[in-house]
S.K.: 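Take a look at the following structure, please.
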Amino acid sequence: MASRRRRPFFDDDSPHVDRFGLLLALTCASVAMLSLVPLTGDLGSAGRKVAIIGTTALVAATLLLSLRASGLAQRHRRRAEVVVGVLVALLALAVVTDLFGLAESDAALGVSPVLASFALVAPIFVVRRLLRHHSVTLSTLLGALTAYLLIGVAYYFAFLSVDGIGGQFFGEAEPTTTFMYFSLTTITTLGYGDVAAATDVGRLLATSEAIIGQVYLVTVVAMIVSLGAAAWQGGRPGETSGAGQD
């Protein structure tokens with residue numbers, strides 16, 4: 001009996017591959033929302049529910065769009081859409097019905113570990129696709145910027161998770177918008193010093209974000225320069241070497 005042919009996990013010929021423009025716009029919207037809209041505090045019960053459900057849906061959409069733009073095969077992408085859809089529905093139901101008291105006290109902290117997982121997977125798939133580029137295009141630049149911002153979003157939810165599980169991340173209560181601000185200043189190694197991690201786990205996460213952010217920039221810049229140099233050398237006038245060979 002002939003063995004069943006294994007279907008590829010990625011389809012790099014998909015028409016959706018490398019369409020990072022919409023993904024970047026959605027990621028920027030996520031960063032702006034998380035920077036400006038506090039998920040806890042004085043929004044009131046209804047306001048917190050709307051903010052948390054909206055954030056959950058936005059992050060889930062970002063993940064699914066990243067899978068599509070990164071070339072995940074349709075069969076696997078549909079499974080991911082079902083899993084993510086079910087998780088989002090369950091989280092929304094838990095918030096709306098005040099399950100476990102999440103909506104009345106720190107609901108954002110209750111759902112943040114799941115959203116951190118969503119946000120962490122997205123840049124991994126985007127970077128995987130970027131590493132398969134053979135030339136620098138607009139999609140390469142858009143994808144590189146998108147992955148960088150997604151790392152910051154992932155750490156935002158990781159910081160919130162630590163705050164909810166291991167005590168106050170900053171040593172005192174802070175609005176959730178501060179976590180996005182701290183994540184962005186950490187990944188860029190800007191470090192204004194006005195807020196800082198107060199727990200050992202928090203400090204470890206913060207330093208790991210700074211290291212990953214710098215390693216990412218060095219790696220991506222080196223890749224783009226290498227691809228650009230190769231394209232320039234291959235396209236110089238009078239160049240007769242096998243430029244068309246792969």
Side-chain angles (χ1 to χ4, degrees), residues 8-12 14-35 37 39 50-95 102 107-133 139-140 142-162 164 176 179-180 183-184 187 205 208-209 212-213 216 220:
F9 196 77
F10 290 96
D11 179 12
D12 292 331
S14 169
H16 306 291
V17 168
D18 290 338
R19 293 187 176 182
F20 292 120
L22 180 58
L23 179 59
L24 177 59
L26 198 60
T27 303
C28 289
S30 299
V31 171
M33 179 178 177
L34 297 174
S35 299
V37 180
L39 303 182
V50 172
I52 295 168
I53 293 174
T55 299
T56 302
L58 191 60
V59 174
T62 302
L63 169 62
L64 295 179
L65 193 58
S66 69
L67 299 181
R68 179 181 291 264
S70 301
L72 185 66
Q74 185 178 25
R75 179 185 181 186
H76 301 294
R77 193 174 67 242
R78 286 179 177 175
R79 291 176 177 175
E81 290 171 352
V82 171
V83 172
V84 172
V86 170
L87 286 175
V88 171
L90 291 176
L91 290 175
L93 180 63
V95 171
L102 289 179
L109 305 182
V111 302
S112 55
V114 177
L115 298 184
S117 300
F118 287 175
L120 179 62
V121 170
I124 293 176
F125 277 82
V126 173
V127 170
R128 175 262 166 199
R129 176 58 197 167
L130 293 178
L131 293 176
R132 298 181 66 83
H133 282 199
S139 294
T140 307
L142 294 177
L145 179 56
T146 299
Y148 188 66
L149 292 177
L150 285 173
I151 294 172
V153 173
Y155 270 95
Y156 161 85
F157 287 111
F159 295 153
L160 275 182
S161 300
V162 172
T176 59
F179 289 83
M180 190 73 252
S183 180
L184 293 178
I187 195 173
L205 279 176
S208 68
E209 181 181 19
I212 290 175
Y216 175 85
V220 170

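Note that this is a predicted model, so its numbers are computed, not measured. Counting begins at 1 with the first residue of the sequence.
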S.K.: What are the two closest heavy atoms between Val17 and Arg129, and how far apart are they?
M.R.: CG1-NE, 3.2 Å
S.K.: Answer yes or no: is there a donor N or O on one side and an acceptor on the other, between the side chain of Ser183 and the main chain of Met180, under 3.5 Å?
M.R.: no
S.K.: Is the backbone of Leu23 close enough, under 3.5 Å, to the side chain of Thr146 for a donor and an acceptor to pair up by distance?
M.R.: no
S.K.: For the backbone of Leu184 and the side chain of Tyr156, can you confirm whether one donor and one acceptor N or O come within less than 3.5 Å of each other?
M.R.: no
S.K.: Return the set of residues passing ring pair (Phe, Tyr, Trp, His ring centres under 6.0 Å) with Phe159 (not counting sequence neighbours), or none when no residue passes.
M.R.: Tyr155, Phe169, Phe182
S.K.: Less than 4.5 Å apart, side chain to side chain, heavy atoms only: is that true for His16 and Gln74?
M.R.: no
S.K.: Mind listing the closest non-hydrogen atom pair of Ser70 and Ser66 along with its distance?
M.R.: OG-O, 2.6 Å
S.K.: Name the residue from Leu58, Thr62, Leu34 that meets the side chain to side chain contact (heavy atoms under 4.5 Å, CB included) definition with Val153.
M.R.: Leu34
S.K.: Over 60° means perpendicular and under 30° means parallel, so classify the ring planes of His133 and Phe20, tilted if in between.
M.R.: tilted
S.K.: Main chain of Asp18, side chain of Ser139: is a donor-acceptor contact present, judged purely on distance under 3.5 Å?
M.R.: yes
S.K.: Can a donor-acceptor pair be found, under 3.5 Å and without considering hydrogens, that links the side chain of Arg77 to the backbone of Leu72?
M.R.: yes
S.K.: Is the NZ or CZ atom of Arg132 positioned over Phe10's six-membered ring, under 6.0 angstrom from the centre and within 45° of the axis?
M.R.: no
